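By convention in this document, chain letters (A, B, ...) are assigned in the order of the sequence lines, proteins followed by strands, and residues within each chain are numbered from 1. All values reported here derive from a predicted model rather than from experimental measurement. Below, all heavy atoms of this structure are taken into account, side chains as well, without hydrogens, waters or symmetry copies.
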There are 2 protein chains.
Amino acid sequence: MTDNEEALVLLIEDEAQIRRFLRAALGAHGYRLVESTTGEDGLVQAATRLPDLVIVDLGLPDLDGVDVIRKLREWASVPIIVLSARGQERDKITALDAGADDYVSKPFGVGELLARMRVALRHASSAKEPDQPTFTVGDLKVDLAHRKVFTGDKEVHLTPIEFKLLTTLVRYAGKVLTHRQLLKEVWGPPYADQAHYLRVYMAQLRRKLEADPARPRYFLTEPGVGYRLASE
Amino acid sequence: MTDNEEALVLLIEDEAQIRRFLRAALGAHGYRLVESTTGEDGLVQAATRLPDLVIVDLGLPDLDGVDVIRKLREWASVPIIVLSARGQERDKITALDAGADDYVSKPFGVGELLARMRVALRHASSAKEPDQPTFTVGDLKVDLAHRKVFTGDKEVHLTPIEFKLLTTLVRYAGKVLTHRQLLKEVWGPPYADQAHYLRVYMAQLRRKLEADPARPRYFLTEPGVGYRLASE
DNA sequence: CTGATGTGTCAAAAAAACGTAAAGAGGGTG
DNA sequence: CACCCTCTTTACGTTTTTTTGACACATCAG
């Protein structure tokens, strides 16, 4: 549905054949993939790469797959899909109760696996909400998620270009951005030399967001170089 | 295993035999059960009883099970487990993408089903559940479950597209949705560039729901970007 | 002092985006 | 078949945004 693509998937699987198979299938659907062939390594990879989804085989050479799940669940809430040759009900129940989110028996269809992955990722994305990307300096507040800008407690309306310029500055807050960098970023590469646009829109932003536009507190000019957004 | 028990389960299943079977199995594990034998009734039960989990058979006499899922997903985030005699991969993918959380093929083991139910309930409880099936801003009220819309206390009739557009906005209330997002969500991906439709239907919604359509309080335009439904 | 350059401001012109009404096209239902 | 409801499409006036040009000012070098 949404473009949850390019999610990072950790595959813990010892059979080379299945790895190759999934590498192709997942790659074709835009997922990024990390592979492990052992449970131990899988746990390390999970901790270091922080994948969005883990697919784990139950029949690993070193650890039992269920132990991998338990160890993972000690700290991670990442969705886990079990892949297994064992179709025994007992195994399924154990794995699911250990913390797995789904269980797919081999041989499986790629389509089904992908669909179940989408379900798992759907859960993950709806679960983690408390991420409120909002930037603040002084009494200037930028709420990226809601696309809202405030000075003090008054909301200020920005046009698309104004907003894009502002967010670019926010992204590199504290650092100087050259005219060319800003123009390429906001208007696109062909406009890299239209320094005039920048002055007009910078003035616009100051007029809307600075208490005293003539004496900017936030939108600072670096003469001959570019602009900088003050940070704390 | 865990005491996720006394959860309320809605079973939508026409085969009496399976109903009897599950009634016993779930009862023995402490679940409370509501039964429906048709899709229509199932939807009504879901709206009135607000179950913690829905188990739905794909082969219902009236509606297609997948349609039941879609209708349910228009307003509810309750976990849905599909039970089906059809083991075709195509069916699984369709059901999962329609919003189901799991798919169990008949014949199935009770143990496995119970384990998958525990997984589903685990998800539901971890995901914060401020899931009131009714949304309110000012004197605009949207009852997702009953598919009804009110301004003040007068009910307003909406066409299917109008309603879907409204619910999409409701789902992301406060956030700006781009034209493309709305079009893909409401009309489907192929319509992502028909920004036209949006204006027509937005005007429609405002005419029906705003006190002064020319001065919208709820349906706000972000010129060059998209639309936003005011929140609080 | 003077002219060149980089910068800030303003406002008109041009372009793009938006709102609205209304006509045409299906698609069901009685 | 005729009717009603909804969706699609077109047309046109209005609003908002972007672009453009003109000008003032400051700084700095010659």
One character per nucleotide, please: for nucleotides 3-11 of chain D, 5' to 3', B when the base has a protein heavy atom closer than 4.0 Å, S when only the sugar-phosphate does, - otherwise.
---SBBBBB
Should the heavy atoms of other residues, nucleotides or ligands under 6.0 Å from [atom1] of [X] be counted, would the total exceed 12?
X       : atom1 : result
K141(B) : NZ    : no
K148(A) : NZ    : yes
D153(A) : CG    : no
Q194(B) : CD    : yes
R49(A)  : CZ    : no
K106(B) : NZ    : yes
K164(B) : NZ    : no

Could you state the [atom1]-[atom2] distance from [X] to [N], rounded to the nearest angstrom?
X       : N       : atom1 : atom2 : answer
L205(A) : dT17(D) : CG    : P     : 13 Å
L220(B) : dT15(D) : CG    : P     : 18 Å
R199(B) : dT15(D) : CZ    : C1'   : 12 Å

With sequence neighbours excluded, tell me which residues meet side-chain hydrogen bond (donor to acceptor under 3.5 Å, both in side chains) with T221(B).
R206(B)
Whether Y197(B) and Y191(B) hold their rings parallel, tilted or perpendicular, with breakpoints at 30° and 60°
tilted
Give me the ring orientation class for F108(B) and F21(B): parallel if the planes are under 30° apart, tilted from 30 to 60°, perpendicular past 60°.
tilted
With heavy atoms of chain B within less than 4.0 Å as the criterion, where does contact along DNA chain C begin and end?
dA17(C) to dT20(C)
Are side-chain heavy atoms of H123(B) and D101(B) found at a separation under 4.5 Å?
no
Between L33(A) and L11(A), is there a side-chain heavy-atom distance shorter than 4.5 Å?
yes
For DNA chain C, find the residues of residues 169-182 of chain A with a heavy-atom distance under 4.0 Å and give them by number; none if there aren't any.
H179(A)
For F135(A), which residues count as a ring-ring contact (aromatic ring centres under 6.0 Å, His included) partner, sequence neighbours excluded?
none
Per the end-axis method with five pairs at each terminus, what is the bend angle of the helix from dC1(C)-dG30(D) to dG30(C)-dC1(D), to 10°?
10°
At under 4.0 Å between heavy atoms, what does Y227(A) touch on the DNA or RNA strands: base, sugar-phosphate, or nothing?
sugar-phosphate
